[in-house]
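The first residue of the sequence shown is numbered 1, and numbering continues consecutively from there.
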Amino acid sequence: QGQLVESGGGLVQAGGSLRLSCVASGSIRSIDVMGWYRQAPGKEREFVADMANRGRTDYADSVKGRFTISRDNSKNAVYLQMDNLEPEDTAVYYCKAVRMTMTSWRRYLEVWGQGTLVTVSS
């Protein structure tokens, strides 16, 4: 099974920026959708943004205009540029791959990364 590894989290002041990265490793043929979710302390995991392999993007209303998702299909990677961060953005950010097809043609409907912590101070 392919694995997802996130990086780029950290501590930043309100108004600052961070760029998260997620790379899928393994013998991967394709990944239909790659995206980001987040879970704040005491809250449910929520959708942040995703991007299909043909370029379609979707964002949560709370991050529109501040976050930008991008992909590099040649690297099986997805990125999240986060600008104008707010304390409410503090959460563990998880990368998700939807319909990951391996070179063996085995398909995984969902694969999750371990998460990376983003802390925004006021």
Side-chain angles (χ1 to χ4, degrees):
Q1 177 177 351
Q3 294 185 330
L4 302 179
V5 178
E6 302 101 333
S7 62
L11 173 65
V12 64
Q13 289 188 328
S17 298
L18 280 176
R19 185 174 187 254
L20 304 184
S21 300
C22 170
V23 179
S25 62
S27 300
I28 299 168
R29 184 178 298 274
S30 66
I31 302 173
D32 284 2
V33 180
M34 296 187 78
W36 294 92
Y37 288 69
R38 66 187 181 185
Q39 187 166 17
K43 295 189 176 181
E44 303 257 328
R45 190 173 298 189
E46 64 176 7
F47 169 77
V48 176
D50 68 13
M51 186 170 186
N53 57 6
R54 294 187 179 184
R56 187 269 310 156
T57 60
D58 194 15
Y59 294 91
D61 287 343
S62 59
V63 307
K64 281 180 182 177
R66 300 188 299 121
F67 291 9
T68 303
I69 191 169
S70 60
R71 280 181 69 167
D72 185 338
N73 292 331
S74 67
K75 297 179 180 178
N76 291 317
V78 64
Y79 308 97
L80 187 68
Q81 176 66 39
M82 305 186 294
D83 297 318
N84 195 19
L85 282 159
E86 303 169 351
E88 293 75 21
D89 297 315
T90 295
V92 177
Y93 283 71
Y94 296 90
C95 178
K96 177 182 173 182
V98 178
R99 292 185 295 280
M100 177 187 291
T101 303
M102 313 305 288
T103 54
S104 64
W105 292 105
R106 183 166 185 172
R107 176 172 285 185
Y108 298 94
L109 292 182
E110 288 187 356
V111 179
W112 289 89
Q114 293 298 309
T116 184
L117 177 63
V118 172
T119 304
V120 184
S121 63
S122 57

Checklist entry - What's the shortest heavy-atom distance between Arg71 and Asp32, and which atoms? => result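 Distance-wise, the nearest heavy atoms are NH1-O, 3.2 Å.
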Item to check | Smallest separation among heavy atoms of Leu4 and Met34, with atom names | outcome: CD2-CE, 4.4 Å
Next on the checklist: Quick one, Ile28 with Met102, criterion side chain to side chain contact (heavy atoms under 4.5 Å, CB included). Give me CA distance, side-chain angles, the key distance, then yes/no.
Outcome noted: CA-CA 4 Å; Ile28 299 168; Met102 313 305 288; 3.9 Å; yes
Checklist entry - Does the side chain of Trp112 come within less than 4.5 Å of Cys95's, by heavy atoms? => result no
Checklist entry - Below 4.5 Å, heavy atoms only, C-beta onward: do Met82 and Val12 meet side chain to side chain? => result no
Check the hydrophobic clustering (I, L, V, M, F, W, Y; side-chain heavy atoms under 4.5 Å; chains of links allowed) and say if [X] and [Y] are grouped together.
X      : Y     : result
Tyr37  : Val92 : yes
Tyr79  : Val98 : no
Tyr108 : Trp36 : yes

At what distance, to the nearest 0.5 angstrom, does [atom1] of [X] lie from [atom2] of [Y]?
X      : Y     : atom1 : atom2 : answer
Ser122 : Gln13 : OG    : CD    : 9.5 Å
Glu110 : Lys96 : CD    : NZ    : 3.5 Å
Arg66  : Ser17 : CZ    : OG    : 10.5 Å
Lys64  : Thr57 : NZ    : OG1   : 9.5 Å

Item to check | Residue pair Arg29 / Thr103, side-chain donor-acceptor N/O under 3.5 Å | outcome: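 Arg29 vs Thr103: no donor-acceptor pair found between side chains.
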Item to check | side chain to side chain donor-acceptor pair (under 3.5 Å) partners of Gln81, counting only residues at least two apart | outcome: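 Once residues adjacent in sequence are excluded, the partners of Gln81 under the side chain to side chain donor-acceptor pair (under 3.5 Å) criterion are Asp83.
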[X] side chain vs [Y] backbone, donor-acceptor pair below 3.5 Å:
X      : Y      : result
Asn73  : Asn53  : yes
Thr119 : Thr90  : no
Glu6   : Gln114 : yes
Tyr94  : Gln39  : no

Checklist entry - For the side-chain contact (heavy atoms from CB on, under 4.5 Å) test, which of Val48, Leu80, Val78, Ile69 pairs with Leu20? => result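 For Leu20, the side-chain contact (heavy atoms from CB on, under 4.5 Å) test succeeds with only one of Val48, Leu80, Val78, Ile69, which is Leu80.
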Next on the checklist: So if I apply the side-chain contact (heavy atoms from CB on, under 4.5 Å) rule between Leu18 and each of Asp89, Leu85, Leu11, which one comes out positive?
Outcome noted: Leu85
Checklist entry - Sequence neighbours excluded, which residues qualify as salt bridge (Lys or Arg N to Asp or Glu O under 4.0 Å) partners of Lys43? => result none
Item to check | Derivation and outcome, side chain to side chain contact (heavy atoms under 4.5 Å, CB included), residues Val33 and Arg56 | outcome: CA-CA 9 Å; Val33 180; Arg56 187 269 310 156; 4.0 Å; yes
Next on the checklist: Students often mix this up, so state it plainly: with edges at 30° and 60°, are the rings of Phe67 and Tyr93 parallel, tilted or perpendicular?
Outcome noted: tilted
Next on the checklist: Set out, in order, the CA-CA distance, both residues' side-chain angles and the distance that settles side chain to side chain contact (heavy atoms under 4.5 Å, CB included) for Arg38 and Val118, then state yes or no.
Outcome noted: CA-CA 9 Å; Arg38 66 187 181 185; Val118 172; over 6 Å; no
